[in-house]
Amino acid sequence: MAEPMLLKSTDTQTVVQVGKQVYLPSTLHEAIVSFLVSYRDSINRHLDSKIRGTNSRIMQPGRAWISGQVSIKICLEFVPGDQTSASETLDHDRLPIDAATSPLDDLRATLDDLRAT
């Protein structure tokens, strides 16, 4: 399976197309945070009833038990559809860009068309 790529909210160079919509990672992050904030009370109630405040431990091979707490981390990843790892994709799929043309020109045209409708 291909290695996932972490999409950081500060990345202004990457775009993600999901269906017919095109997003910056920051836009996706904002939408996820907005959703979580709007449902935070029910999320917190659910977590309170399941894990919050519960003593937790973890054991890894060759190590003793470690006490702590469980937390949930939500991140946005892109998983390439082929067998290429994310680092190979990033290193080998770079296109030479000159001032006259850009691989994003078709994306910009699509965005302009969507805004016009």
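Just so you know, these numbers come straight off a predicted model, no measurement behind them. Because only heavy atoms are used, hydrogens play no part in the values below, and waters and symmetry mates are left out as well, while side chains stay in.
Between H29 and K8, the shortest heavy-atom distance links the atoms NE2-C, 3.9 Å. In plain terms, the two heavy atoms of P25 and L7 that are nearest each other are CB-CB, 4.2 Å.
Follow the hydrophobic side-chain contacts under 4.5 Å out from V37 and you never reach I32; the two are in separate clusters.
Atoms CG and OG, from L28 and S9 in turn, are 10.5 Å apart once rounded to the nearest 0.5 Å. For the atom pair OG1 of T10 and CG of L24, the computed distance is 11.5 Å after rounding to the nearest 0.5 Å.
By the neighbour-count criterion of 12 heavy atoms within 6.0 Å, atom CD of Q13 is sparsely surrounded, having that number or fewer from other residues, nucleotides or ligands.
Side-chain atoms of S38 come within 3.5 Å of backbone atoms of F35 as a donor-acceptor pair (strictly under, hydrogens ignored).
Residues V22 and V16 have side chains not in contact (no heavy-atom distance under 4.5 Å, counting atoms from C-beta outward). V18 is listed as a side-chain neighbour of Y23, based on a closest heavy-atom distance under 4.5 Å. When side chains are defined from C-beta on, F78 counts as touching P80, because their heavy atoms get closer than 4.5 Å.
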